[in-house]
Novice: 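Pasting a structure here, questions to come.
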Amino acid sequence: MKTFEHSMPMGAGIENNSPSKVSKVARVTEFDYLRGIAIILIVLGHSITNSNHGFPVWLENILRGGTGVFVFISGFFFHHVFSQSFNFQKFMGKKCRNVLVPFLAVSAFAIVVNFFGFMWIDGASFSKALALCGQVLERGYVLFPHWYIPFIMATFLCSGLHFRYLKLSLFSQLSILIAFSLVALVIQRPEANENVLQSVIYFTPFYLIGMLYSQYLEWMKQNYRYFLIAALVTVLLSIWLQSSVFFHVGDYHKNAFQWKGIDLQFIQKVGLCILLVGFCRHWVSERLGKHLTMIAGISFAIFFLHPLLGMMWGNTKYFLLHFGYIQPNTTLWYSLVSSVVLFAFQFYGTVWLVRHLKRLFGSKSRLLIGA
């Protein structure tokens, strides 16, 4: 069976952490917009056709690795919302309800889909299909992008340490951030995103940067233009180095203790977080802002459900190729157009699906699909 095997993402405590619903704190509109852009970036990264065989490498390196943006947003909300009256048990209880339970619900449905797919598409026997499902479950998730959930839940378990981090001096905060960043540049992301501890170490700098951005929000706003210039240079330089000098396509994955150079995607995505905040603050029109806010409100459900549509697309394409109805095509224009079409199918197909499922499940939809 053709399964959804793209690198992810994804990433935030991506549920709707609306400040007005959690505590009486000032709403930061650009982060509502940013949550919408982040899930768009995630699905775009999962819609690339002909990776490294027709699709522009420089563009793929921009679209891949959107998880860092989600983790940055999650860190921002941890300080801006939850740290104001932090209680570890209440915090973890909320995350279990809004993150872990929908993950288990969608995974249960997906493993059933996988089971029948193994039998009807791959021709496996009943016992063989069960064994294959067992192998899928051993990795800790069913749909590939959902590796993010065990990782982010492990990150949430560290929230007591994150709360203590906020009480440190700025010098200590920056020292810890730099130390984690240097380690992340070297260890890179784990193979197949399966090593939860390695993912926690790698993405912690994004979480800390989000926390610091919120903690020093007024100062950041006053001095943002300097960060914006530095971020722009950082993004452009890292994309050029990764795409043209050292040539690496997409995310960097390896065993933590192997040496495979410096993770340029990490550098690029740190800069991209700052650039996207600036875009959301200054260049989002009212109409676009309403659309992004709508998307942000169901971003968690989009993350959970879009891989199902990706599997549907992949299996359909597999059969069309197998029976000769279409032929492989690696031209530039085919790669770009088919990627746009796949994105529209996955993203707005999922938006349509979420709306109908919310009506179907009513008050239980938050537990079942995350919205």
Side-chain angles (χ1 to χ4, degrees), residues 9-42 65-86 91-92 94-95 98-99 148 151-153 155-156 158-168 170 173-174 176-177 180-181 184 200 202-224 227-228 230-231 266 269-282 284 289 292-293 295-297 299-300 303:
M10 247 143 142
I14 49 183
E15 78 276 17
N16 185 4
N17 289 326
S18 172
S20 61
K21 294 182 180 180
V22 182
S23 59
K24 295 181 179 179
V25 294
R27 195 178 193 93
V28 184
T29 306
E30 57 261 33
F31 274 81
D32 286 335
Y33 300 160
L34 185 58
R35 285 192 298 122
I37 290 176
I39 191 60
I40 290 172
L41 183 63
I42 292 294
T67 305
V69 181
F70 265 109
V71 179
F72 167 74
I73 296 169
S74 188
F76 176 90
F77 279 115
F78 175 76
H79 172 267
H80 193 69
V81 178
F82 297 105
S83 71
Q84 309 306 312
S85 55
F86 179 70
F91 178 78
M92 289 305 303
K94 178 180 175 62
K95 296 305 179 183
N98 295 340
V99 179
Y148 178 84
F151 144 70
I152 200 62
M153 289 303 297
T155 298
F156 293 149
C158 299
S159 58
L161 295 175
H162 297 145
F163 185 70
R164 292 182 64 181
Y165 176 84
L166 292 170
K167 305 301 180 182
L168 299 175
L170 178 59
Q173 289 176 330
L174 294 178
I176 293 172
L177 172 60
F180 267 98
S181 298
V200 169
Y202 179 86
F203 286 108
T204 286
F206 290 97
Y207 201 83
L208 299 183
I209 292 170
M211 290 164 57
L212 293 177
Y213 194 98
S214 175
Q215 188 173 15
Y216 302 101
L217 184 61
E218 293 306 315
W219 185 86
M220 287 296 299
K221 287 181 177 180
Q222 294 172 8
N223 297 276
Y224 186 77
F227 289 94
L228 185 64
F266 174 90
K269 289 303 181 285
V270 169
L272 188 63
C273 289
I274 304 302
L275 283 183
L276 289 177
V277 171
F279 174 79
C280 291
R281 283 187 61 195
H282 300 293
V284 172
L292 290 175
T293 301
I295 291 171
S299 59
F300 196 23
F303 163 69

Novice: To the nearest 0.5 Å, what is the distance between CD (E30) and CZ (R281)?
Specialist: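 Result: 5.5 Å between the selected atoms.
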
Novice: Run the ring-ring contact (aromatic ring centres under 6.0 Å, His included) check on F266 and Y202 step by step: do they pass?
Specialist: CA-CA 9 Å; F266 174 90; Y202 179 86; 5.6 Å; yes

Novice: Checking side-chain contact (heavy atoms from CB on, under 4.5 Å) for the pair Y165/L208: CA distance, chi angles, key distance, verdict?
Specialist: CA-CA 9 Å; Y165 176 84; L208 299 183; 3.9 Å; yes

Novice: Applying side-chain contact (heavy atoms from CB on, under 4.5 Å), run through C280 and I37 and close with a yes or a no.
Specialist: CA-CA 9 Å; C280 291; I37 290 176; 3.5 Å; yes

Novice: Using side-chain contact (heavy atoms from CB on, under 4.5 Å), reason through L276 and F72 one step at a time and then give a plain yes or no.
Specialist: CA-CA 11 Å; L276 289 177; F72 167 74; over 6 Å; no

Novice: Less than 4.5 Å apart, any side-chain heavy atom of M211 and any of H80?
Specialist: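 Heavy-atom side-chain distance check fails, nothing below 4.5 Å.
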
Novice: How about F206 and S74: do any of their side-chain heavy atoms sit closer than 4.5 Å?
Specialist: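 No, their side chains stay 4.5 Å or more apart.
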
Novice: Do you know the tightest heavy-atom contact between A296 and G36?
Specialist: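 Between these two residues, the closest heavy atoms are CB-N, 3.8 Å.
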
Novice: Taking C-beta and beyond as the side chain, do L292 and D32 meet within less than 4.5 Å on heavy atoms?
Specialist: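 Of all side-chain heavy-atom pairs linking D32 with L292, none is under 4.5 Å.
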
Novice: Restricting to non-hydrogen atoms, name the atom on H79 and the atom on S214 that form the minimum distance, rounded to 0.1 Å.
Specialist: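 Minimum heavy-atom separation between H79 and S214: ND1-OG, 2.6 Å.
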
Novice: State, yes or no, whether a side-chain contact exists between V99 and F300 at a heavy-atom distance under 4.5 Å.
Specialist: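 The answer is yes, as the side chains (C-beta and beyond) meet within the 4.5 Å cut-off.
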
Novice: What class does the angle between the rings of F86 and F78 fall in, given that below 30° is parallel, 30 to 60° is tilted and above 60° is perpendicular?
Specialist: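 F86 and F78: perpendicular rings.
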
Novice: Flag the pair V284 / T29 as yes when at least one side-chain heavy-atom distance between them is below 4.5 Å, and no otherwise.
Specialist: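 Not touching, per the 4.5 Å side-chain cut-off.
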
Novice: Of F151, F163, F91, F77, which meets ring-ring contact (aromatic ring centres under 6.0 Å, His included) against F156?
Specialist: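 That would be F91; it is the only one of F151, F163, F91, F77 passing the ring-ring contact (aromatic ring centres under 6.0 Å, His included) with F156.
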
Novice: Search all heavy atoms of G68 against all heavy atoms of C273 and return the closest pair with its distance.
Specialist: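 Minimum heavy-atom separation between G68 and C273: O-SG, 4.1 Å.
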
Novice: Do V277 and F31 have side chains that get closer than 4.5 Å, going by heavy atoms?
Specialist: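 In contact.
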
Novice: How about T155 and H162: do any of their side-chain heavy atoms sit closer than 4.5 Å?
Specialist: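 SC-SC contact between T155 and H162 confirmed.
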
Novice: Please examine the side chains of S159 and F82, heavy atoms only from C-beta on, and report whether any two atoms are closer than 4.5 Å.
Specialist: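 Side chain of F82 against side chain of S159, heavy atoms only: no contact under 4.5 Å found.
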
Novice: Start with the C-alpha distance between F76 and V28, add both sets of side-chain angles, then the distance that settles side-chain contact (heavy atoms from CB on, under 4.5 Å), and finish with yes or no.
Specialist: CA-CA 10 Å; F76 176 90; V28 184; 3.8 Å; yes

